[in-house]
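No experiment lies behind these values; they were computed from the predicted model shown. Side chains are part of it too, since the values below use all heavy atoms of this structure and drop only hydrogens, waters and symmetry mates.
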Amino acid sequence: MDCKFNTELGQITVNDEVITRVAGYAALDCYGIVGMASKRSTDGLVQMMGRENLGRGVKIRAAGDKVDIDLYIIVEYGISISAVAASIIETVKYKVETHAGVPVNRVNVFVEDIRV
């Protein structure tokens, strides 16, 4: 799913991999997050993903002319989950809209695990 939008200079196409990477890096920069999570569909185990596999912890869906972003994260023990989620939502929305130029409809945060 490539995001396409028109400007006065022409049409711009942004690959979904670009949006995925921008959202993943923005989430990892937030305080209290240990890493991105990936659920294996075969056994339901949560695996921690490094920076090289950001796409497994980020899902992008088109919502009209905007995108919805789902983030599957692992948070640090002892940190307020609601504060971390609020920070991630603001940061990811801002960075995707400014760096990729794609309007964001919604950012959903799914906490998959807590690590000490």
Side-chain angles (χ1 to χ4, degrees):
M1 170 213 65
D2 292 340
C3 294
K4 298 179 182 181
F5 52 95
N6 294 316
T7 66
E8 62 275 356
L9 299 175
Q11 185 177 20
I12 298 174
T13 304
V14 180
N15 191 319
D16 62 340
E17 183 66 27
V18 172
I19 301 168
T20 299
R21 286 184 181 266
V22 170
Y25 285 124
L28 286 176
D29 285 343
C30 293
Y31 178 75
I33 197 169
V34 175
M36 305 301 286
S38 174
K39 268 192 173 180
R40 289 186 6 201
S41 60
T42 56
D43 55 5
L45 294 176
V46 175
Q47 296 178 342
M48 191 164 96
M49 295 291 143
R51 289 190 179 265
E52 65 278 353
N53 290 323
L54 288 175
R56 294 194 181 186
V58 180
K59 303 290 184 226
I60 307 292
R61 292 186 318 271
D65 59 343
K66 298 182 179 184
V67 294
D68 289 342
I69 302 171
D70 294 338
L71 300 168
Y72 299 88
I73 64 167
I74 300 170
V75 296
E76 183 179 341
Y77 177 77
I79 302 293
S80 170
I81 294 174
S82 62
V84 170
S87 172
I88 290 171
I89 290 168
E90 286 182 35
T91 303
V92 168
K93 183 173 180 174
Y94 174 76
K95 288 193 177 180
V96 168
E97 288 178 346
T98 57
H99 295 315
V102 177
V104 176
N105 182 40
R106 173 178 288 186
V107 177
N108 300 313
V109 177
F110 299 93
V111 178
E112 296 292 326
D113 199 5
I114 296 174
R115 296 279 166 97
V116 178

Between Met36 and Ala27, which heavy-atom pair has the shortest distance, and what is it? SD-CB, 4.2 Å
Stepwise side-chain contact (heavy atoms from CB on, under 4.5 Å) test for Ile81 and Val109: CA-CA 10 Å; Ile81 294 174; Val109 177; over 6 Å; no
Separation of Lys93 NZ from Asn105 CG (nearest 0.5 Å): 7.5 Å
4.5 Å side-chain heavy-atom contact, Tyr25 and Lys95: no
Correct closest heavy-atom pair for Ala100 and Val14 would be O-CG2, 3.7 Å
Grouping I, L, V, M, F, W and Y whenever their side-chain heavy atoms are under 4.5 Å apart, do Val18 and Tyr94 come out in a common cluster? no
What residues, two or more places apart in sequence or in another chain, satisfy side chain to side chain donor-acceptor pair (under 3.5 Å) together with Thr13? none
Shared ILVMFWY cluster between Tyr72 and Val75, side chains joined below 4.5 angstrom? no
Note: Gly101 and Pro103 closest approach over all heavy atoms is O-CD, 3.8 Å
Which heavy-atom pair separates Tyr31 from Val84 by the least distance, and what is that distance? O-CG2, 3.7 Å
Please tell me whether Val92 and Ile79 are part of a single hydrophobic cluster in this structure, the criterion being side-chain heavy atoms less than 4.5 Å apart. yes
Roughly how far, to the nearest 0.5 Å, is the CD1 atom of Ile88 from the CG atom of Leu28? 8.5 Å
Just grab all the salt bridge (charged side-chain N to carboxylate O under 4.0 Å, His left out) pairs involving residues 66-79, residues at least two apart or on different chains. Arg61-Asp68, Arg61-Asp70
In terms of hydrophobic clusters joined by side-chain contacts under 4.5 Å, are Tyr77 and Phe110 together? no
For residues Val58 and Ile19, determine if any side-chain heavy atom of one lies less than 4.5 Å from a side-chain heavy atom of the other. no
If we only count heavy atoms from C-beta on, is the Thr91 to Asp29 side-chain gap below 4.5 Å? no
